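It should be emphasised that the depicted structure is a prediction, and the values quoted were computed from it without experimental measurement. Read the numbers this way: they start at 1 and go in the same order the structure lists the ligands and their atoms.
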Amino acid sequence: MKTQVGIIGGGPSGLCLARLLSQHGIRSVILERQTRAHVEGRIRAGILEQGMADLMRQAGVGERMDREGLLHDGIVLAFDGRLERIDMAALTGGKQVMVYGQTELTRDLYDAVLTDPHITIVFEASDVAPAGFLEGSPRLSFNKEGETVTVECDWIAGCDGYHGASRAAVPPEMIAEYERLYPFGWLGLLSDTPPVHEELIYTYHPRGFALCSMRSTSRSRYYLQVGLNEKVEDWSDDRFWDELGKRLPAAMASELVTGPSIEKSIAPLRSFVAEPLRFGHLFLVGDAGHIVPPTGAKGLNLAASDMYYLSTALIAYYEQGREDLLDRYSETALRRVWAAVRFSWWFTQLMHDFGEDPIAHKIQLAELDYLLSSTAGQTTIAENYVGLPFDASFV
Ligand code: RFL
Ligand code: PHB
């Protein structure tokens, strides 16, 4: 097989990148280890910044998102029995975020990719191995039904998530990895019940953080901070609802509509950045290059800026023979990555119980009280939450 861009991973990054390139006639092959149903079944992100929503539109897959997605102007922070709204739109000159599940977004991308004449996608491709990317002869080999296949390409995009093959193929002396693991995880529950509130509620409570989110006006997504050794099997639906009720301010807890879970899972929390994001003809994109704890809803939205910069650079290469943007990809993408890593780390610290001494709890409450009493404090949350801009000089 031969193509222009070889893409490892058919998650949101790989699929959306392929579509952005295909709008300019650039051909790609996507190698995905799992089946389509498996990738679509993962319940993950729910909040899209304007930058990600715009990319979906540019990729020609924004129609259902614009019809069904819910635009939000604000979020609510709950602590110490208080409920405080941050009016993000008012504080950021009208910026909003969109509630549209990663499951839905992935389905829209697959529908487009599978009928796109410029894109070939191979599901259940095993043992994917990038090679030759440092020597100027990039290629991908993989196994499909017992046969080894090689894809020759000009460039490789590693869009294969944190556990993928692309970062692992880089010689260790060429890459620096920065990582922090948090001493807790998030237990998530999805249910066909109306959300407790029309906006998201992020709750700080001495029993632990809780988040009330949603997928639609009839489907809710809730999260609880839990210890790292907790098991999903130990959390019956009743236990989950009971604990959530204890962490929410009483006025909100009394509004909670409970029901059977459709999905329940525990995710660990991690901050991780690999530097650089380019190794010869191989680029890392999205979770393959960086991970943030979900508190700021930044993971997929950071993948978005990577996709934007890399697609812009590849289009300039194929249409104008320019390599300068490819040369600037890593540095430009990493600047926004670190800004979001910082915000996600800070917001996680602010909102979770770290099991420290009582003074830590009092200081967290004082910080929340200060932030909410100050326009500057609210603005710093709002402008990070709606998403920092993409670098306009990258053209
Ligand atoms: P993905 O989604 O992990 O996709 C990678 C794809 O690569 C495939 N793959 C391979 N294919 C071939 N060969 C290999 N060796 C391979 N290894 C892996 C995988 O099967 C998969 O299909 O990475 P991508 O595309 O970069 O997308 C990143 C996002 O999925 C991620 O950042 C977000 O889900 C993070 N996230 C959130 N992000 C937001 O922007 N807003 C949110 O509200 C938000 N909430 C969340 C989240 C992540 C969560 N979890 C579970 C980590 C909430 C949670 C609970
Ligand atoms: C979600 O709806 O899954 C979600 C929303 C906001 C976050 C994290 C996850 O910060």
Side-chain angles (χ1 to χ4, degrees), residues 6-18 30-36 38-49 51-53 70 72 75 97-103 105-106 109-110 121-130 140-144 157-169 185-190 195 199-202 209 211-216 219-223 263 265-270 272 284-307 340 343-344 347-348 351 385 387:
I7 298 177
I8 315 178
S13 298
L15 298 168
C16 190
L17 177 67
I30 304 174
L31 304 178
E32 168 56 51
R33 188 169 53 183
Q34 306 285 355
T35 60
R36 172 179 178 168
H38 180 98
V39 179
E40 281 181 358
R42 289 189 298 222
I43 312 294
R44 292 177 136 203
I47 303 294
L48 309 182
E49 296 171 0
M52 179 67 205
L70 306 173
H72 280 199
I75 55 170
V97 294
M98 165 121 44
V99 172
Y100 193 64
Q102 185 166 328
T103 307
L105 170 144
T106 306
L109 284 164
Y110 273 139
I121 180 160
V122 182
F123 290 103
E124 298 178 272
S126 58
D127 304 320
V128 175
L140 297 171
S141 64
F142 66 99
N143 246 289
K144 176 80 184 173
C159 304
D160 47 353
Y162 179 71
H163 298 286
S166 53
R167 198 179 70 250
W186 276 20
L187 168 64
L189 178 147
L190 189 70
E199 293 180 334
L200 271 67
I201 307 177
Y202 289 83
F209 168 81
L211 170 61
C212 306
S213 181
M214 67 194 73
R215 290 293 175 272
S216 66
R219 181 168 283 190
S220 299
R221 180 71 165 160
Y222 294 105
Y223 294 98
E263 193 262 3
S265 53
I266 295 184
L269 268 65
R270 181 192 306 276
F272 171 84
L284 300 181
V285 178
D287 278 16
H290 39 78
I291 298 282
V292 287
T295 323
K298 289 283 160 268
L300 181 56
N301 293 307
L302 269 191
S305 43
D306 291 0
M307 286 181 247
F343 174 67
S344 305
F347 201 37
T348 299
M351 299 305 296
Y385 195 89

Run down the list Pro293, Gly9, Cys159 and name the one with the heavy atom closest to atom 5 (C) of ligand 1.
-> Cys159
Residue shell for ligand 2, any heavy atom closer than 4.0 Å, reads Arg44, Gly46, Ile47, Trp186, Leu200, Tyr202, Leu211, Ser213, Arg215, Arg221, Tyr223, Pro294, Thr295, Ala297
Proximity flag Tyr223 to ligand 1, non-hydrogen atoms under 4.0 Å | yes
Closest to atom 44 (C) of ligand 1 (heavy atoms only, candidates Gly299, Ala45, Ser166) is Ala45
At a 4.0 Å cut-off, with the gap strictly under it, does some heavy atom of Arg42 reach an atom of ligand 1?
-> yes
Atoms of ligand 1 under 4.0 Å from any heavy atom of Asp160, numbered from 1 in the order shown, are 5 (C), 7 (O), 9 (N), 10 (C), 16 (C), 17 (N), 18 (C)
For atom 43 (O) of ligand 1, the option (of Gly289, Gly46, Pro268) bearing the nearest heavy atom = Gly46
Please report the C-alpha distance between Leu15 and Leu105 in whole Å, then the side-chain angles of each, then the deciding distance to 0.1 Å, and finally whether the side-chain contact (heavy atoms from CB on, under 4.5 Å) criterion is met.
-> CA-CA 10 Å; Leu15 298 168; Leu105 170 144; over 6 Å; no
Would you indicate which of Arg44, Glu32, His163 comes nearest to atom 3 (O) of ligand 1 when only heavy atoms are counted?
-> Arg44
Minimum side-chain heavy-atom gap Ile47-Tyr385 below 4.5 Å | yes
Taking only heavy atoms of Asn301 into account, list the atoms of ligand 1 that are under 4.0 Å away from them.
-> 40 (O)
For Asp306, which of Val285, Leu17, Asp287 qualifies under side-chain contact (heavy atoms from CB on, under 4.5 Å)?
-> Val285
Would you say the side chain of Ile75 lies within less than 4.5 Å of the side chain of Val97, judging by non-hydrogen atoms?
-> no
How would you list, by chain and number, every residue that makes a side-chain contact (heavy atoms from CB on, under 4.5 Å) with Glu263, sequence neighbours excluded?
-> Ile43, Leu190, Arg221, Ser265
Sequence neighbours left out, what passes side-chain contact (heavy atoms from CB on, under 4.5 Å) with Ala125? Give chain and number order.
-> Leu31, Val122, Val128, Phe142
Quick one: sort the Tyr202 and Phe347 rings into parallel, tilted or perpendicular, breaks at 30° and 60°.
-> tilted
What atoms of ligand 1 come within less than 4.0 Å of a heavy atom belonging to Val39?
-> 22 (O)
Heavy-atom side-chain contact between Tyr110 and Glu32 under 4.5 Å | yes
Can you sort out the partners of Tyr222 under ring pair (Phe, Tyr, Trp, His ring centres under 6.0 Å), two or more places apart, ordered by chain and number?
-> Trp241
Pull out every atom of ligand 1 sitting under 4.0 Å from any heavy atom of Gly164, numbered as shown with elements.
-> 17 (N)
Is the closest side-chain heavy-atom distance between Leu300 and Arg44 below 4.5 Å?
-> no
Which atoms from ligand 1 have a heavy atom of Leu31 less than 4.0 Å away?
-> 11 (N), 12 (C)
Heavy-atom distances under 4.0 Å are what count here, so tell me which part of Met52 touches ligand 1: side chain, backbone, both or neither.
-> neither
Residue-ligand contact Gly188/ligand 1, heavy atom below 4.0 Å = no
Heavy-atom distances under 4.0 Å are what count here, so tell me which part of Leu48 touches ligand 1: side chain, backbone, both or neither.
-> neither
Atom indices of ligand 1, in the order listed, that fall short of 4.0 Å to a heavy atom of Gly286 = 26 (O)
Could you tell me how the ring of Trp186 sits relative to the ring of Phe209: parallel (under 30°), tilted (30 to 60°) or perpendicular (over 60°)?
-> parallel
Mark yes or no for whether Lys144, through its side chain, and Phe123, through its backbone, hold a donor-acceptor pair below 3.5 Å.
-> yes
Of the side chain and backbone of Val128, name the one, both, or neither that has a heavy atom under 4.0 Å from an atom of ligand 1.
-> side chain
